[in-house]
Amino acid sequence: MPHEEKIATPSAERPSTERDAARPGDERYDAQRVETKWAERWQRDASLYAAEATSDHTKAAKKKYYVLEMLPYPSGALHMGHVRNYSIGDALARYMWMNGYNVLHPMGWDSFGLPAENAAIQNNTPPREWTLRNIANMKAQMKRLGFAYDWSREVTTCLPEYYRWNQWFFLKLFERGLAYRKKSKVNWCPKCATVLANEQVVNGCCWRHEDTLVEQRELEQWFVRTTKYADELLSGLDKLDGWPEKVRTMQRNWIGRSEGTLVDFKLDYAENHKGFGPAGSTIPVFTTRVDTIFGATSVQLAPEHPIVKDLAAENPGLRAQVDQLIAEQRKAKEAGDIGEIEKHGVFTGRYAINPFNSERVPVWVANYILMDYGTGAIMSVPAHDERDYEFAKKYGLEIRLVILPMSGDPDETVAEPALPFVGHDGMLVNSGRYNRLACDEAIRVMSAYAEENKFGKATVTYRLKDWGISRQRYWGTPIPMLYCEKDGIVAVPEKDLPVILPEKVRVTLAGGSPLESVPEFVNATCPKCGGPARRETDTMDTFVDSSWYFYRYTDARNDRAPFDAKTAQYWFPIDQYIGGVEHAILHLIYSRFWTKFMRDLGMITNDEPVERLFTQGMVIKDGRKMSKNLGNVVSPDEMVARYGADAARLYSLFAAPPDRDLDWQDSGIEGIQRFLGRVYRFVVRNARPDHPEWGKPSPSDLAPAARAIQRKLHQTIKRVSDDFQGRWHFNTCISAIMELVNVLYGAEEAIARNEVPAPFLADVQRNLVLLLAPFAPYLAHELWEMLGEKGNLLKAPWPKFDAELAKEEELEIPVQVNGKLRSRVVVPADATEETVLERALADEKVRAFIAGKQIVKKIYVPGKLVNIVVK
RNA sequence: GCCGGGAUGGCGAAAUUGGCAGACGCAGCGGACUUAAAAUCCGCAGGUCCGAAAGGACUGUGGGGGUUCGAUUCCCCCUCCCGGCACCA
């Protein structure tokens with residue numbers, strides 16, 4: 001019994017009052033000492049978390065696994081949301097390493113953007129300096145937290161080595177007509193002093209400044225033709241079954257595909273026509289219900305419709321009213337309640353011709369018609385549209401029934417429906433030669449008729465708009481375009497990339513782009529004619545950076561291309577992407593677009609960037625989102641200093657399943673700290689680095705105490721492995737490990753009595769450490785070493801589950817009478833149904849409940865439960 | 001209005017395929033160790049009622065109904081909370 005003297009007697013090992021920290025044999029877990037020791041070691045070995053080169057892999061049988069967490073904006077310091085996000089990814093990466101995969105687990109910095117400019121203005125620090133300093137700080141935090149990133153692939157989007165490829169992609173987009181310049185109404189955030197894409201406007205406010213109303217401005221802007229892929233972006237969602245349904249739904253809503261028909265209504269000039277009419281004498285209307293067109297009793301125009309402008313120009317009275325409508329609409333839009341606007345309209349005095357029946361209908365302008373959807377004009381069918389019905393009632397417009405609801409029997413007389421009847425299951429009436437057609441059939445026939453007669457056609461409309469990427473800001477990727485007086489818009493030749501963002505720029509939020517005030521940047525030479533040219537001073541939306549950065553990780557130091565096609569093909573798609581749901585539309589839709597674009601460039605072969613997406617819940621405190629304003633922010637640095645990185649990470653995984661919001665409680669992390677200490681103390685007390693080999697005796701060879709440990713160990717291996725492979729409920733993984741540790745503590749007396757063989761105990765401890773390794777890497781490494789293991793824990797094989805060893809020899813079967821729990825019987829695990837029922841019926845308590853009654857039914861669910869039904 | 005997600009002890013949560021509701025942890029209570037405290041270890045613990053106790057009865061997963069021997073789990077109806085979309089023609 002060589003280990004006898006090593007067993008600690010509690011009194012000998014208990015730390016005394018003072019100066020206990022440095023005492024030899026101290027059992028208290030000093031997380032700071034252990035964690036800083038390992039952080040330094042890991043720091044020294046850059047290759048530790050490096051993904052293996054793909055060239056080594058064409059022959060190797062190792063499977064790849066690309067796990068990615070959304071890269072952070074370097075705001076200055078990590079917050080708890082980051083810690084949670086990265087703890088999930090890190091646990092997964094470590095688990096996959098231990099399971100023998102070639103893991104790619106990179107990290108980078110989404111480092112262009114407005115906060116750097118604000119900081120520059122406030123602290124007089126250049127954006128570059130501010131950003132790089134923040135990156136250094138956050139990188140140090142990540143290292144201290146022990147995240148296993150392949151830093152050799154670090155991507156920093158604000159550096160020319162990266163953003164030159166944004167410019168390169170822009171040129172490719174431009175060549176293919178996918179980047180274009182257009183004057184249009186754009187969203188303008190006064191606080192950002194720049195425009196925003198539609199996706200970046202939330203409830204009429206800026207996505208970064210939720211209290212700042214977005215204004216509309218007319219500006220020349222660069223757009224990316226995301227709508228070219230609208231259909232594929234939509235249909236591709238069906239195949240993304242590794243994505244949360246919620247995100248897919250959000251994207252579907254955002255794309256907003258709608259099938260319908262365009263129909264031209266001609267303005268009628270028969271009366272009051274002064275020789276030349278308003279620009280565009282036809283009014284194209286978009287409708288999803290062309291089958292109801294015989295019920296159209298007016299045409300409604302958006303107040304900002306160009307024809308309205310012309311009509312108003314001829315009619316000052318109308319103009320005042322239209323201005324009023326525009327104001328109402330704008331106000332409602334800004335307040336974010338355009339949906340609740342009080343319907344209000346004005347008759348223009350003009351009429352338009354319904355091309356299907358040549359009927360003259362009045363043309364109105366209404367505040368609920370939106371210029372930026374469809375054509376900005378509708379045909380109003382009060383009988384079959386709720387909004388039109390409401391409007392018609394208010395202004396006394398005609399309501400004409402043209403659809404009758406279809407009943408089961410087509411020949412049966414149908415009662416007049418309550419109006420408005422908006423159902424699709426009907427047939428046409430009062431519709432000339434289309435009478436008796438079913439709605440869907442009528443839509444087809446009538447669309448075709450319109451197309452044949454050149455006054456309309458079937459069409460598809462999207463809510464999705466092209467992506468406005470111009471930003472009148474300094475800290476972003478310069479758009480590589482030139483304006484030459486002679487040659488117009490000219491692209492910067494590829495060989496002249498990158499267009500370097502100048503460093504010495506006075507950043508202000510006033511006026512246009514700060515770059516305009518840098519003559520050496522603005523003044524350039526036209527590559528076509530050699531004459532003087534003006535450089536584009538807008539920079540790119542920072543969502544361009546994050547749309548393709550994950551490809552760059554596969555080949556981050558390439559200076560001839562964004563990345564090598566073969567290498568990207570090996571790694572893509574990303575097996576698991578993890579981040580907050582706030583990017584469900586913005587980042588994730590742009591990324592999907594970019595992937596399709598790169599595929600069509602022939603750079604990649606995958607259609608989608610991400611196989612599986614996981615959106616983790618928020619970290620909240622006291623029931624509310626953490627924010628500086630509320631003063632409920634928990635700082636990761638403070639948690640690491642007080643409890644250690646392992647505790648902070650483990651708690652963020654333990655407190656709730658990862659997809660739910662996590663309510664941070666300081667007392668909760670203390671419990672985790674206690675648990676880590678418990679694990680540490682057990683191993684310190686029981687480590688036998690010099691143990692002989694564990695020969696794996698069969699269960700019957702072990703004393704009951706040891707056998708109980710073995711059973712629990714294998715049950716734990718199964719639970720932890722299953723949760724990694726299926727749903728990711730790390731909280732239950734950790735609970736399972738806690739239970740194992742509790743069993744080990746319960747066995748300490750048996751261990752002291754030598755009922756647990758030393759080699760077996762060593763094996764159990766090894767497995768315990770392996771199970772803990774993905775969640776608490778510092779403690780796991782420390783204990784691994786303490787157990788005398790020399791190999792790299794990171795790549796040590798994940799414990800293997802053995803069903804035979806996990807099996808219970810005896811089962812406690814609950815016995816119900818009429819569905820109510822009355823007793824329990826202990827039976828051998830392999831007991832037959834007869835035996836179990838016999839025992840159950842023989843049970844004293846059960847007998848008391850069935851006495852004098854008739855047994856109707858006996859139910860036995862093997863291994864689970866007995867239910868005796870009596871009456 | 002439409003589409004998701006959710007509601008379980010004092011709190012965070014668990015119950016993975018319809019089978020012991022509350023694992024694990026926090027907070028709490030009791031005990032051990034200590035001169036004492038901290039730390040640590042062990043134990044108790046949904047609620048109500050009966051009982052001195054051991055123990056027992058009833059009840060309990062937002063509310064109501066249903067299916068079933070049996071429902072946190074499946075079906076129908078309703079309430080509340082969170083997120084997204086919304087005169088989208």
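In what follows, chains are A, B, ... by sequence order, proteins preceding strands, each numbered from 1.
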Task: Pair T249(A), Q251(A): side-chain N/O donor-acceptor within cut-off below 3.5 Å - done: no
Task: Nucleotide nearest L865(A) when distance is taken to its side chain, options C41(B), C69(B), C20(B) - done: C20(B)
Open item on the list: Just N and O in the side chain of R727(A): are any of them under 4.0 Å from OP1 or OP2 of A14(B)?
Closed with: no
- [ ] Could you check which of C69(B), G56(B), A89(B) has an atom nearest any side-chain atom of F286(A)?
- [x] A89(B)
Open item on the list: When you measure only distances, ignoring hydrogens and angles, does the side chain of R252(A) come within 3.5 Å of the base of C3(B) through a donor and an acceptor?
Closed with: no
Open item on the list: Considering every strand and a 4.0 Å limit on heavy-atom distances, what is the contact class for F654(A): base, sugar-phosphate, or nothing?
Closed with: base
Open item on the list: Tell me whether the side-chain N/O atoms of N867(A) come closer than 4.0 Å to OP1 or OP2 in C20(B).
Closed with: no
Open item on the list: Whether S258(A) contacts A89(B) is assessed here as follows: a side-chain N or O lying under 4.0 Å from the phosphate OP1 or OP2. Is that the case?
Closed with: yes
Open item on the list: Applying a 4.0 Å non-hydrogen cut-off, can you work out what K465(A) is touching in the nucleic acid: base, sugar-phosphate, or nothing?
Closed with: nothing
TODO: Quick one: label N742(A) by what it contacts on the DNA or RNA (base, sugar-phosphate, nothing), any heavy atom closer than 4.0 Å.
DONE: sugar-phosphate
Task: C1' atoms of C20(B) and A15(B), separation to the nearest Å - done: 11 Å
Open item on the list: Whether R660(A) contacts A14(B) is assessed here as follows: a side-chain N or O lying under 4.0 Å from the phosphate OP1 or OP2. Is that the case?
Closed with: yes
Open item on the list: Parallel, tilted or perpendicular, judged at 30° and 60°: which one describes the rings of Y395(A) and F391(A)?
Closed with: tilted
- [ ] From the options C41(B), A27(B), A89(B), select the nucleotide whose nearest atom is closest to the side chain of R678(A).
- [x] C41(B)
Task: Side chain of N731(A) (C-beta onward), nearest among C20(B), A14(B), U40(B) - done: A14(B)
Open item on the list: When the C1' atoms of C76(B) and U68(B) are compared, how many Å lie between them, rounded to an integer?
Closed with: 16 Å
Open item on the list: What I want to check is whether the side chains of S447(A) and T261(A) have a donor and an acceptor closer together than 3.5 Å.
Closed with: yes
TODO: Please determine, by modelled atom types, if Q715(A) and E739(A) share a side-chain donor-acceptor pair under 3.5 angstrom.
DONE: no
Task: Nucleotide nearest D663(A) (side chain, heavy atoms from C-beta), chosen from G84(B), A23(B), G12(B) - done: G12(B)
Task: Donor-acceptor pair between E328(A) and N367(A) side chains, under 3.5 angstrom - done: yes
Open item on the list: Categorize F849(A) for me: base, sugar-phosphate, or nothing, with a 4.0 angstrom heavy-atom threshold over every strand shown.
Closed with: sugar-phosphate
TODO: Take the protein atom CG of D659(A) and the nucleotide atom P of G6(B), then report the distance between them rounded to whole Å.
DONE: 8 Å
Task: Any K857(A) side-chain nitrogen or oxygen under 4.0 Å from OP1 or OP2 of C69(B) - done: yes
Open item on the list: Whole angstroms only, please: what is the CD1-C1' distance between I669(A) and G12(B)?
Closed with: 14 Å
TODO: Rounded to whole angstrom, note down the C1' distance from A23(B) over to U61(B).
DONE: 15 Å
TODO: Could you tell me whether P657(A) contacts a base, only the sugar-phosphate backbone, or nothing, with contacts defined as non-hydrogen atoms closer than 4.0 Å?
DONE: sugar-phosphate
- [ ] Answer with yes or no whether N253(A) presents, from its side chain, a donor or acceptor under 3.5 Å of a partner atom in the base of C85(B).
- [x] no
Open item on the list: When the P atoms of C81(B) and G22(B) are compared, how many Å lie between them, rounded to an integer?
Closed with: 31 Å
TODO: Tell which nucleotide pairs with G1(B), taking only Watson-Crick or G-U wobble pairs whose two distances are both under 3.5 angstrom.
DONE: C85(B)
TODO: Can you tell me the distance, in whole Å, between the CD atom of E386(A) and the P atom of C2(B)?
DONE: 11 Å
- [ ] Ignoring the backbone of Q665(A), work out which of U16(B), C41(B), C11(B) is nearest its side chain.
- [x] C11(B)
- [ ] Would you please indicate yes or no on a ring centroid separation below 6.0 angstrom for F654(A) and F775(A)?
- [x] no
TODO: May I ask you to check whether W664(A) and Y651(A) place their ring centres under 6.0 Å from each other?
DONE: yes
Task: G65(B) and G70(B), which share atom name P, separated by this distance in whole Å - done: 16 Å
Task: Phosphate contact (G56(B) OP1 or OP2) by R822(A) side-chain N/O below 4.0 Å - done: no
- [ ] Please tell me which of the listed nucleotides, C24(B), G19(B), G84(B), lies nearest to the side chain of E739(A)?
- [x] C24(B)
- [ ] Can you figure out which of U16(B), U59(B), A7(B) approaches the side chain of R719(A) most closely?
- [x] U16(B)
- [ ] State which of A57(B), A21(B), A14(B) makes the closest approach to the side chain of Q816(A).
- [x] A21(B)
Open item on the list: Could you tell me how far A71(B) sits from G55(B) if I compare only their P atoms? Round to whole Å.
Closed with: 28 Å
Task: Identity of whatever pairs with C29(B) - Watson-Crick or G-U, under 3.5 angstrom - done: G43(B)
Task: Presence of K820(A) side-chain N/O under 4.0 Å of U59(B) phosphate oxygens OP1/OP2 - done: yes
Open item on the list: For a quick check of understanding: with a heavy-atom distance under 4.0 Å over all strands, which category does I369(A) fall into, base, sugar-phosphate or nothing?
Closed with: base
TODO: Fit a plane to each ring of F724(A) and Y95(A), take the angle between them on a 0 to 90° scale, and name the class: parallel (under 30°), tilted (30 to 60°) or perpendicular (over 60°).
DONE: parallel
Open item on the list: From the set C42(B), C85(B), C26(B), return the single nucleotide nearest to any side-chain atom of R463(A).
Closed with: C85(B)
Task: Sugar-phosphate only, base, or nothing, as touched by G374(A) at under 4.0 Å among non-hydrogen atoms - done: nothing
Open item on the list: By the 4.0 Å heavy-atom rule, please label R824(A) as base, sugar-phosphate, or nothing.
Closed with: base
